[in-house]
Structure formats: C-alpha cells, structure tokens
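Remarks on the structure that follows.
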Amino acid sequence: MDDDSTNPFRRMSSRTRKVAPKMVAALASSDNRTQAALARLEALENDNAGVEVVENIDDEDASLDDDDQAYIKRQSKGTKRKTRQAKALEAKKAPKTFMELLHEANLESLPPHVPSYLKAAVGPPSSTSRRHFCTVCGFAASYTCIRCGIRFCSSRCQNIHNDTRCLKFVA
Amino acid sequence: MSNVVVLDNGGGLLKAGAGGDLDPSVIIPNCLYRPLSAKKWLHPSPISISTTATAATEPSSDLDLTSASVRRPIDRGYLINPDLQRDIWSHLFTSLLHVNPSNSSLLLTEPLFTLPSIQRATDELVFEDFNFASLYVSDSPSLVHFYEASRRPTSLLSRAQCSLVVDCGFSFTHAAPVFQNFTLNYAVKRIDLGGKALTNYLKELVSYRALNVMDETFIMDDVKERLCFVSLNVPRDLQIARKSGKENFFRCTYVLPDGVSYTRGFVKNPDDAKRYLSLSDEKVSSPSLGVKKDVIELDVSEKTEDKKRIDLTKNEFDLTNERFLVPEMIFHPADLGMNQAGLAECIVRAVNSCHPHLHPVLYESIVLTGGSTLFHNFAERLEKELRPLVPDECQVKITTQEDPILGSWRGGSLLASSPSFEAMCVTKAEYEELGSARCRKRFLH
C-alpha cells in the first residue's frame, strides 16, 4: 500500500485496478483503521470468500507486467477483450447489490415519521464499552499494535501478529 | 381453487409446503452451489425435517461439498437476484412440490421494510413468471405471533394479542412487537447480524488460527451448528478455555471431510464436545474439577498422541474459546467493531418505542424464533442480560419455539387454512388492473 504512493509508474497507468470497492475506500482514506474495520464487517456478509480472491489474482497478473509488455499483451489479447458495449451489457445483467438498491430507494427523503429500513437499525450501544479480544488467540487483549491498531494479549501473540497479519487490514 | 402454497423464503433456508399442513414438505437451502467436481450450478437437495432440530443446513449426504461455491438470491435478507430466485422457485414448484401455480394461491413471507423496488420485482416474479392465481405477502413476526397465539390460547400472549417476536435468522436479527396480528413497524429494531455473519466470523477465526477454511461455507455451517454455544459467564469461560489438557472443558476437535472415506465432517469426540454442558450447572467449577481430574487422568497420554496426529494430517482443527465467542457477537456486536447495540438492548429499545401500556405485556411475552436462536443457552443468556435493563415491576418471560426454524412457516400454514384467507389475497386480475404498488397497500406495508 505504501508502494502505491511512492512508485510513480503505478500511478501513471491508466488501467483501473480491480480491487474490492471497500478496500479502495480503505486505501484512499486517511483513517485507514476505521475503513479497514468497515471492509471487514462487509466481508462478513460475503457468500464466497473465493470470489474476491479470483478477482485479485487476475489483477495481480496484470499488474506484474512491465509497462511496455502490458502494451504488447493488450494488443495480442485484442480479440478476446470485451468491447465497452459488451461490458456495459454485462454490468446491466449483473444483479445489483443490496446497498445499491438501498441507495436507489432514496429512503433518506422519506418524512421522519415513516418507518423504513434505515430507521429500524438498532443504533449504537449505550452503556457497555467494547471488549477487546486478542486477534491471535481470542483471549482478553490488553495491548494494541502501534502500527495497525489490532489487539493482542501477550508478546507471544504480538510476534505472531507482526509476522502474519500486521498492516494487512484483516482484523 | 383450494390449494395454497406457503413459502417462507428465507435467506438461508427455504421452507415450502401446502397450507394447512403441520410441517413444510420441503426445506432446501435457498441457494445454488457448485462443488469442485461439478461444472454447473446445482440445486441443493431437500433436507429431511427430522434433522432440522439438530443440524439445520445439511446438504445432500452423498455430494462432497468441500470448497463448493455458493450463489444466493438473497443478500442481507432481501431479494436482490430475482433471476436466480426464479430458477430456484421453478425447481421447487415443478420438481419438489409438484404444484401448478396457475391454479393455486401463494402465501409468501417477506422481510420487514422491503424496498419498493424489491417488492415490485417479487410481484413480477409471482404473477408474471409463475402465474399464481393470487398472492398474500406477510412478515415473519406476525406469523410467528399468530402461531404461538393459536397454540396456547390461554397464555397472556394470546389473551392480550400482543407479543415481542425476536427473530434471529440467517441474515439479520429483528426485535418486532406484534399487536393484534400486525407488526408495529415503527417500533421494530434490527441488528445486522445473523447466522451468515456468524459462520463467516468463525471461518475467519479458524482460518487464521488453524487452517484455511475460507471457502468451506457448508462445512463451517455444520461446525457452528454442532459446536457453538452461548456462554453464561464469559470471563469465567475464557479462564477455563485457557487451561490445558482435560481441565479445558471447551476444547474439541472437528475432523474435516477427506473426500475419500467420508464426505461429511464430524466432531472427533462427541463426549468431549458436550462437556461444557456439565459446567453450566455448577456455579463454581473449581472444587468439582479435582474430582473430574481423577477420572480422566488416564486419558492424558492418549491426548498428546492425538495432538501429534493433528500436525501430521492437517485435516482437523481444535476449537476452544471460538465456540462461545462466535455467538457472543449477537449479544455484543460492538466487540466486532459494529456500532450497534446488543440483542438485550435491541429488545428494550423496541419495547420503548411502543405505547407504555404495552410494555409489561411485551416483556412477558417474548418469543424467540429463527435458526440462530438454536445455540445452547441462548434464552438463558438473553434473560440474564435483559433482566437488569427491564423495570422492576415488569416480568421477563422468554418463550422458545419448539422448532424455531419452522415457526413462521407454521404460522403461515395456519393462516392459509383460515376461512378469511381467500379474501385477504390479491388476485392476478387485481394485480394486472392496479399494478404492484396499489396491491401492496392491502398488506399494509
């Protein structure tokens, strides 16, 4: 993620990277931690964990190419590539996500006394504060990673965390 | 035109049958799946009713569902993919139920606060694609109330015609006050957590701590249903889960299917897995632990041998604190980082949105329904959390349904057999005349 901002070549590519939309938001935002937490909550509603991975794989495939190679590849692939129209058609056929439908329904515009999906949400908790569990072993966690904000309970778990998950933004 | 099809179109399980029956004749997962061995998306085979009490999502026994991918027509509880739903329904009506839609009525459940665009899509599906003669749309809390009220005519719930239905299903959790068979939708409160999120959370934990199961939706569903339970005292249970060897009452091993000798995963030592039950009876466990230890001492050597084998074969994993930390999230979504109140507070808020005269009655007739309430100790824990939040003069009484997964279907079946049902439906002619939005007004959503 840091590479992205420092490497000018990556920046100049006109190709749009295929990354999960929530992840894009997480990377773009200054407040990465909260965004990453949101992305993770979103992931809890996924049907297949695999789908996103597949997308990422072909994304990485493409991003590995050097700039000139990518150009050649693009030409050779030309016949296989979908036209814009075909893509648009495909996008039309693909079902909208619930969030898109919710956005379209424009529930915010309803008068305040009408019950709606948005108003039925239970709202933030009042009394109890958040309990923290160690992301490595699951027990009560008293320490926070200074780099990514994820919780752990002991130096043993800290080491595991640093080796595996730190800054990967999957809580 | 006597036959009514009752269809509880859940996000996880689809329950369907003829109106008037006691149980639905078909229960299938509301999805298509594609196992690694198949090239096409397949219809899951129906689940027999007798197994629903123990394990809800048991797909066909012979098919290996390792790493099967899933497509669901329903996301976050709402129908987002009508094309997929049409596939599943046509399979259901023609191959499983053997009904002819054009001469039957449909009683369909729909989640609360369904968006108008989704309602329109549903109506199109029912009337234009399947040509049903008439349609009645209902919501699950009112059906559950209807069923409970008729089952126990002398109860307070039935005499006051008022209850608080807590529906903790696959996609989300609702606390819905019902009055005179109508859900008071201005008072309904929702937590965006259900069985699906819990399964995914368990997947995430196991994948990080033991071995990667991110693709194993069906296996992890099974693990969750067999091994997870609700803790009555989280700090104490965390302490116990930390112990090693036989003092750890929660450790148990789940064996993943290997695709050769067995296609279904299983719990390695079912007796071990049930040991937590003995714990919930004892208030303080430390004195009795000493007694237990003597009996079990001789197993310890065998246990270490077992552990060695775990490393070698890599097709099984241990669960300890995950077993109760996963359902715990329904009671404390904040622990996940969600900015939502837990179930007890959700209920209190739903009740407080109603007229004060209803409060005592609502607290005394709480009905639990939905598959996620099947976790052991769910009702006890809820009562424990709810009691301090409820005014002293009110009684708290929580009723569990005998089969929470089928609760709303049974209500629907009962409603479909009532004499006034015909009159409540919207017929195809009316739909064609008035359109979707007008017809919907009749169902008072």
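Within every chain, numbering begins at 1; the chains are lettered A, B, ... in the order of the sequence lines, protein sequences first and strands thereafter. Atoms considered below: every heavy atom in the structure, side chains included; atoms not considered: hydrogens, waters and symmetry mates. Everything numeric here is computed off the predicted structure, so don't read it as measured data.
A distance-only check finds a donor-acceptor pair linking the side chain of Arg130(A) to the backbone of Ala334(B) [under 3.5 Å]. Side-chain atoms of Arg323(B) come within 3.5 Å of backbone N or O of Phe250(B) as a donor-acceptor pair. In this structure, Lys196(B) contributes its side chain and Glu45(A) its backbone to a donor-acceptor pair below 3.5 Å.
For Arg242(B), the parts lying under 4.5 angstrom from a heavy atom of chain A are both the backbone and the side chain. Both the backbone and the side chain of Ile80(B) have a heavy atom closer than 4.5 Å to some heavy atom of chain A. Only the side chain of Asn321(B) comes within less than 4.5 Å of a heavy atom of chain A; its backbone N, CA, C and O stay farther away. With a threshold of 4.5 angstrom between heavy atoms, Arg349(B) approaches chain A through side-chain atoms but not through N, CA, C or O. Residue contact with chain A, scored on non-hydrogen atoms closer than 4.5 Å, involves the side chain of Ile118(B) exclusively. Of the atoms belonging to Leu336(B), heavy atoms from both backbone and side chain fall under 4.5 Å from chain A. Neither the backbone nor the side chain of Ala175(B) comes within less than 4.5 Å of any heavy atom in chain A. For Thr217(B), the part sitting under 4.5 Å from any heavy atom of chain A is the side chain, from C-beta outward, and nothing else. Neither the backbone nor the side chain of Thr173(B) has a heavy atom closer than 4.5 Å to any heavy atom of chain A.
Side-chain atoms of Asn46(A) and Asn200(B) include no donor-acceptor pair closer than 3.5 Å. Residues Glu328(B) and Ser231(B) bring no donor and acceptor atom of their side chains to less than 3.5 Å of each other.
Comparing Lys189(B), Met338(B), Lys203(B) by how many heavy-atom pairs each has under 4.5 Å with chain A, the most go to Lys189(B). Note: Asn81(B) leads Asn81(B), Leu193(B), Leu205(B), Ile74(B) in heavy-atom pairs under 4.5 Å with chain A.
Every side-chain hydrogen bond (donor to acceptor under 3.5 Å, both in side chains) that Thr144(A) has, sequence neighbours left out, goes to Arg151(A).
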